[in-house]
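The chains referred to below are lettered A, B, ... by the order of the sequence lines, with proteins before strands, and numbering in each begins at 1.
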Protein chains: 2
Amino acid sequence: MNTLSYGLLSLLSNASNSGYDLMLKLQPFWPAKHSQIYPLLAQLDQDGYVVHELVVQKDKPDKKVYSITEKGREALRAWLAKPADEPVHRDELTLKLYCLHEGDIADIRKLLHVRIEYSRDRMLWMHGKIEAYARQEQPPTLAVQLLMQKGLFHFQSDLAWAEWALLQLADRQPKQDN
Amino acid sequence: MNTLSYGLLSLLSNASNSGYDLMLKLQPFWPAKHSQIYPLLAQLDQDGYVVHELVVQKDKPDKKVYSITEKGREALRAWLAKPADEPVHRDELTLKLYCLHEGDIADIRKLLHVRIEYSRDRMLWMHGKIEAYARQEQPPTLAVQLLMQKGLFHFQSDLAWAEWALLQLADRQPKQDN
DNA sequence: GGAGCCATGTAATGGGTTACATGATTAG
DNA sequence: CTAATCATGTAACCCATTACATGGCTCC
């Protein structure tokens, strides 16, 4: 049982889902492709942590809807009590910054602009989710609120940093607008 | 040539370093173990992107000090001009939050406390680096300033979120101090 | 005397991406 | 008519961690 398997169980503890849905819900917080998820679900099924039901659809492909079992819930509770691994962040931009003296400063400026757009998009997505929930009568679960807020905080600060970094470049380098 | 190889070249474009030093300088921004770095350096060496010199030390093990070649610098410039991969963040805590309704809320509270300590430590480390540079006559390179500030922003916001999250838990759950 | 740092390397295993494979429906 | 969404799966490859291996020095 690896971390992603527990992540799948964790989502299933809220509601039954197809593998495809699990992928979509997981991706904003834990990048994973379908090719990784489907085999893990089959394994969880075989080991009795989940069960599945085949749902036949018209106009869409059939799907397997997975549900967590009591054995799955027990495994989750045991996992929750253990300390979490340290978060892993890998950002190629930081590596590129290390050699900004090499080559063209306009390249770095371009990279920062792209990052600003990216962070703004993600930030607005998180913000939109929070707003959408606020407008519904059904409030989101506490978990979802905490997660969306985490994403919002993160992308806000990344955006703020990237904008600040652009200014730093402008202060030190001959201005070549881009 | 993978991303980590370019990261090593990027560091070497600032100064010659041993594999061990490269590992230490890289880790705050791109986690990598020595077992991954040493073989890559050997490969870069073989392909002519770097050269190395054996430095014999008394009281310490001998080391190999690597320097970037002109071929290496060219490769770096080409890499800089290409768009950066999207950042990857994997935080097991987010997966655990998804099932905070399952099991003991005190477990979650504990996880948040650990995260607060972790983020505060990292934040203070970044802060310390910035302060230390400010006190020196030799100012840090622009790159290092940007990177330290990025880390500072990131851990500040993670810390702020974790403290806010703890308050949210207190508002909704019977208070069981921990 | 034990833990931790410095310093390098290899081997085995596990985690993750890319590519291969299929196919109907819908929106632009 | 092309791209995207829904939906599932396998195989090959690359990336990353853990474990194995060695050994002197320093600090407590």
Quiz prompt | By side-chain contact (heavy atoms from CB on, under 4.5 Å) - contacts of B:V114 (at least two apart) | solution = B:K110

Exercise. Scan residues 117-137 of chain B for pairs that pass ring-ring contact (aromatic ring centres under 6.0 Å, His included), counting only residues two or more places apart or in two chains.
Key: none

Return all side-chain donor-acceptor pairs below 3.5 angstrom for residues 32-44 of chain A, not counting sequence neighbours, or 'none' if the list is empty.
unit_1 : atom_1 : unit_2 : atom_2 : d
A:Q43  : NE2    : A:D47  : OD1    : 3.3
A:Q43  : NE2    : A:D47  : OD2    : 3.3

Quiz item: So, does A:S13 use its side chain to make a donor-acceptor pair with the main chain of B:C99 at under 3.5 Å?
Solution: no

Self-check item: B:P61 backbone acceptor or donor facing B:Q57 side chain under 3.5 Å
Solution: yes

Quiz item: Among pairs that include at least one residue of residues 64-78 of chain B, which meet salt bridge (Lys or Arg N to Asp or Glu O under 4.0 Å), considering only residues two or more places apart or in two chains?
Solution: A:E102-B:R73, A:E102-B:R77, B:E70-B:R77

Practice problem: Determine, for A:E86 against B:R122, whether the closest basic-nitrogen to carboxylate-oxygen distance falls under 4.0 angstrom. | Solution: yes

Quiz prompt | Main-chain N/O of B:V65 paired to B:S18 side chain as donor or acceptor, under 3.5 Å | solution = no

Quiz item: Checking side chain to side chain contact (heavy atoms under 4.5 Å, CB included) for the pair A:W79/B:L95: CA distance, chi angles, key distance, verdict?
Solution: CA-CA 11 Å; A:W79 173 66; B:L95 301 182; 3.8 Å; yes

Quiz prompt | Partner set under side-chain contact (heavy atoms from CB on, under 4.5 Å) for A:D62, not counting sequence neighbours | solution = A:V56

Quiz prompt | Opening and closing nucleotides of DNA chain D in contact with chain A, under 4.0 Å to non-hydrogen atoms | solution = D:dT5 to D:dT17

Quiz prompt | Exercise: identify the closest heavy-atom pair between B:N17 and B:L11 | solution = ND2-O, 4.3 Å

Quiz item: In residues 74-96 of chain A, which ones come under 4.0 Å of DNA chain C, going by heavy atoms?
Solution: none

Quiz item: Applying salt bridge (Lys or Arg N to Asp or Glu O under 4.0 Å), which residue pairs with at least one partner in residues 19-29 of chain B are found, sequence neighbours left out?
Solution: none

Quiz item: In degrees, rounded to 10°, what is the bend between the two ends of the helix from C:dG1-D:dC28 to C:dG28-D:dC1, using five pairs at each?
Solution: 60°

Quiz prompt | Heavy-atom side-chain proximity of B:L12 to B:S67 below 4.5 angstrom | solution = no

Self-check item: Those residues of residues 1-20 of chain B lying under 4.0 Å from DNA chain D by at least one heavy atom
Solution: B:N2

Practice problem: Could you check if a side-chain atom of B:Y49 sits within less than 4.5 angstrom of a side-chain atom of B:M1, using non-hydrogen atoms only? | Solution: yes

Exercise. Pull out every residue in residues 24-61 of chain A that has a heavy atom closer than 4.0 Å to any atom of DNA chain D, ordered by number, or say none.
Key: A:H34, A:S35, A:Y38, A:Q57, A:K60, A:P61

Report all side-chain donor-acceptor pairs from residues 142-163 of chain A shorter than 3.5 Å, counting only partners two or more places apart or in another chain.
unit_1 : atom_1 : unit_2 : atom_2 : d
A:Q145 : OE1    : B:R172 : NH2    : 3.1
A:Q145 : NE2    : A:P140 : O      : 3.3
A:K150 : NZ     : B:D91  : OD2    : 2.8
A:H154 : NE2    : B:H89  : NE2    : 3.4
A:S157 : OG     : A:H154 : O      : 3.4
A:D158 : OD2    : A:R115 : NH1    : 3.4
A:D158 : OD2    : A:S119 : OG     : 3.0
A:W161 : NE1    : B:L146 : O      : 3.0
A:E163 : OE2    : A:R120 : NH2    : 3.1

